[in-house]
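Every number for a ligand or one of its atoms is a count from 1 in the order of the listing. Nothing fancy with the numbering, it's 1 onward along the sequence.
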Amino acid sequence: MEIIHVSAECYPVAKAGGLGDVVGALPKYQNLLGHIAKVVMPMYRTRFLYENEFEVVHKGGFHMGTRYCDYTIIKEKTNKLDFDLYLVDIYGLLDRERIYSYDDDTERFMAFQIAVVDWISQWQHRPDVVHVHDHHTALIPFMMQHCFAYRHLSGIPTVLTIHNAQYQGWMGWEKQNYLPAWDSWRWGSLDWSNTINPLASGIKCAWKVTTVSPSYMAELKYQANGLEMLFEYEQGKCTGILNGIDNKVWDPATDTYILDNYTSADADAGKKLNKRQLCDEYGLDIEKPLFVFIGRLVGEKAADLLPQAIYDALTHVGSKMNFLILGSGDPAVENQLEALRGLFVGYYNSTIGYNEKLSHLMYAGADFLLMPSRVEPCGLNQLYALRYGTIPIVRSTGGLKDTVTDFGEPDGFGIRFNNASVWDITYSIHRGVELYADKERMTAIRSRMMEIDHSWENSAGKYIDVYKSTMPVA
Ligand code: ADP
């Protein structure tokens, strides 16, 4: 099958979170299964662009409202990522350093989607599937079915994967003329609660919809930022497929970002060397358990609870542990976390920002990884933690529920709690401190965790099954 993935992110070209990891790995594993998976994404001005060689494969243009956009598609020349990578350049819109958070993101991603559909519409052949990811690309199924110029693509199956349903790309109806001329009888395929809702449109128009874990799929019928009824209605075409991890990138035995490589056989010693590096750098105490958090400092991740939970743990439980935080997001949470540095010198530190290398070192050197998320569609951090022998402390929700069991259960390996509350977090930290004191049990849990296989091989095949379900039985 020829599969075209369309996404706003793809590691290592441009990544802001789990979406980038998934789109950087899934096509690679689909190719290993004998398919031809390709990725199309915007041509941001990131390092990858300047450090690799590209060739121009197409040039075109389209109208978006009153504006005319020229676009250029370039292809990476050496198959460096183990799949064909195409970048879409649109002068004045996509030629930026960051992926998101510009005032004109609506225009940027609308133009990106039109360019992709316009390009595909000029191919001499048809791909077998167009697979779009999250709201930034979720208008493509609508365009392929209801925009007059592209209706000849309507027979190509489309699949939408929802990595996060919190963000839906809402725009006012006054922007309807951004779309290439479309069949106005179909306005209902764009609308949700009197706005154009790209994610809702994708759910309505894509042939199949997937989310990144089975539990998240079930939760969306009750909690989907306003789309609950739509998920209920469309459940027949929806499937939950757990994300995998890219074992080639995330392997403590070969990871070049970490100080000392290790396997499950020598994890205690290997992790200690990495922990020493972290503790030296951040002024922490190597003898005490190290709890880390890596991620976006937003409500979804319950990052707002961290400052109080850490404060309580370090004052009430006593200085029996260290904390190291890496993330960025809500400025109020960033400030509170930074303020703790002055209060708990020697036990607490934080880095505000995005740092891929440091994140790897933290997965390797930490003893526990905190994930108190309110919403977690799949969560990759806990999967990386398992692979690096770091015990995940998670709230029982979404993909966290599907991938982490509590060490109190038979063969359990993590720490689970139910409520996104300061008390549940501090209590779980306390459980972690007690577990850390039992060295033998820690070692046993570590080697059990590191043997769990969350590689993409399995999940990549499940996506192929979804594609096949859109095709006539031979
Ligand atoms: P999200 O909801 O943000 O997509 P996931 O758990 O699915 O959450 O994926 C998060 C990915 O982003 C992981 O690879 C994680 O290591 C990475 N990440 C998040 N924040 C940072 C940061 N500040 N620095 C480095 N990596 C980060």
Side-chain angles (χ1 to χ4, degrees), residues 7-26 46 98-101 133-136 161-167 211-213 215-216 219 225 240-252 255 257-258 278 282 292-303 306 324-331 333-334 337-338 349-366 369-388 390 392-395 397-404 454 456 459:
S7 170
E9 297 179 34
C10 172
Y11 178 83
V13 190
K15 163 181 163 182
L19 169 63
D21 284 340
V22 171
V23 179
L26 173 60
T46 61
R98 290 201 317 267
I99 305 173
Y100 312 116
S101 306
H133 297 265
D134 274 353
H135 74 84
H136 324 95
T161 292
I162 299 173
H163 300 256
N164 194 332
Q166 291 299 109
Y167 307 100
T211 62
V212 289
S213 72
S215 287
Y216 186 55
E219 284 169 16
N225 207 5
I241 302 176
L242 200 61
N243 281 339
I245 63 174
D246 190 338
N247 275 343
K248 291 185 192 131
V249 177
W250 296 94
D251 182 355
D255 192 331
Y257 283 144
I258 67 178
L278 279 176
Y282 290 93
V292 301
F293 173 92
I294 301 165
R296 294 179 293 121
L297 300 174
V298 295
E300 260 176 80
K301 303 282 179 196
L306 286 176
L324 182 59
I325 311 290
L326 168 63
S328 61
D330 181 348
V333 178
E334 290 181 357
L337 288 169
E338 288 287 86
N349 216 327
S350 55
T351 291
I352 301 302
Y354 188 93
N355 188 330
E356 190 75 27
K357 182 175 192 298
L358 176 59
S359 75
H360 284 242
L361 190 61
M362 287 169 72
Y363 289 118
L369 176 89
L370 288 167
M371 287 186 83
S373 311
R374 291 192 176 91
V375 182
E376 197 56 83
C378 175
L380 290 170
N381 299 21
Q382 83 280 12
L383 302 183
Y384 301 145
L386 294 175
R387 184 115 167 98
Y388 283 69
T390 299
I393 300 183
V394 307
R395 189 171 94 80
T397 186
L400 299 174
K401 202 153 92 183
D402 292 341
T403 53
V404 177
H454 275 297
W456 265 110
S459 300

Practice problem: Report yes or no: does a heavy atom of E300 sit under 4.0 Å from some atom of ligand 1? | Solution: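 Heavy atoms of E300 never come under 4.0 Å of ligand 1.
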Which residue owns the protein heavy atom closest to [atom], what's the atom, and how far is it?
atom	value
atom 14 (O) of ligand 1	D21 OD2, 2.6 Å
atom 10 (C) of ligand 1	N381 OD1, 3.4 Å
atom 22 (C) of ligand 1	Y354 CD1, 3.4 Å
atom 23 (N) of ligand 1	G353 O, 2.8 Å
atom 3 (O) of ligand 1	R296 NE, 2.8 Å

Note, [X] side chain near [Y] side chain (heavy atom, < 4.5 Å):
X	Y	answer
P252	Y363	no
T397	Y216	no
T403	L242	yes

Quiz item: Angle class for the Y257/H360 ring planes (parallel below 30°, perpendicular above 60°, tilted otherwise)?
Solution: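 If you compare the ring of Y257 with that of H360, the planes turn out perpendicular.
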Considering only heavy atoms of [X], which atoms of ligand 1 have at least one such atom less than 4.0 Å away?
X	answer
G327	23 (N)
Y363	15 (C), 16 (O)
L380	5 (P), 6 (O), 7 (O)
Y384	13 (C), 14 (O)

Practice problem: Could you name the option among N164, I352, N355 that has the heavy atom nearest to atom 24 (N) of ligand 1? | Solution: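 Nearest heavy atom to atom 24 (N) of ligand 1 lies in N355.
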Exercise. Would you tell me which option among G18, S359, G295, G399 has the nearest heavy-atom contact to atom 19 (C) of ligand 1?
Key: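 The option holding the nearest heavy atom is G295.
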Quiz item: What distance separates M371 CE from L380 CG, expressed to the nearest 0.5 Å?
Solution: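 Rounded to the nearest 0.5 Å, the CE-CG separation comes to 8.0 Å.
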Exercise. Step through it carefully: locate the ring centre of Y167, locate the ring centre of H136, and say whether they are under 6.0 Å apart.
Key: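 No, ring centres 6.0 Å or more apart.
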Quiz item: Any ion pair linking E376 and K301 (charged N to carboxylate O, less than 4.0 Å)?
Solution: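 Yes, this pair counts.
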Exercise. Select one of side chain, backbone, both or neither to describe which atoms of H163 lie under 4.0 Å from any atom of ligand 1, heavy atoms only.
Key: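 Answer for H163: neither.
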Exercise. Check K301 against ligand 1 and report side chain, backbone, both or neither, counting heavy atoms closer than 4.0 Å.
Key: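 Near ligand 1, K301 shows its side chain, while the N, CA, C and O stay back.
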Quiz item: Which is it for E338 and S350 under the side-chain hydrogen bond (donor to acceptor under 3.5 Å, both in side chains) test, yes or no, and what are the steps along the way?
Solution: CA-CA 6 Å; E338 288 287 86; S350 55; 2.7 Å; yes
Quiz prompt | Exam field: side chain R374 to backbone E300, donor-acceptor pair closer than 3.5 Å | solution =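 No.
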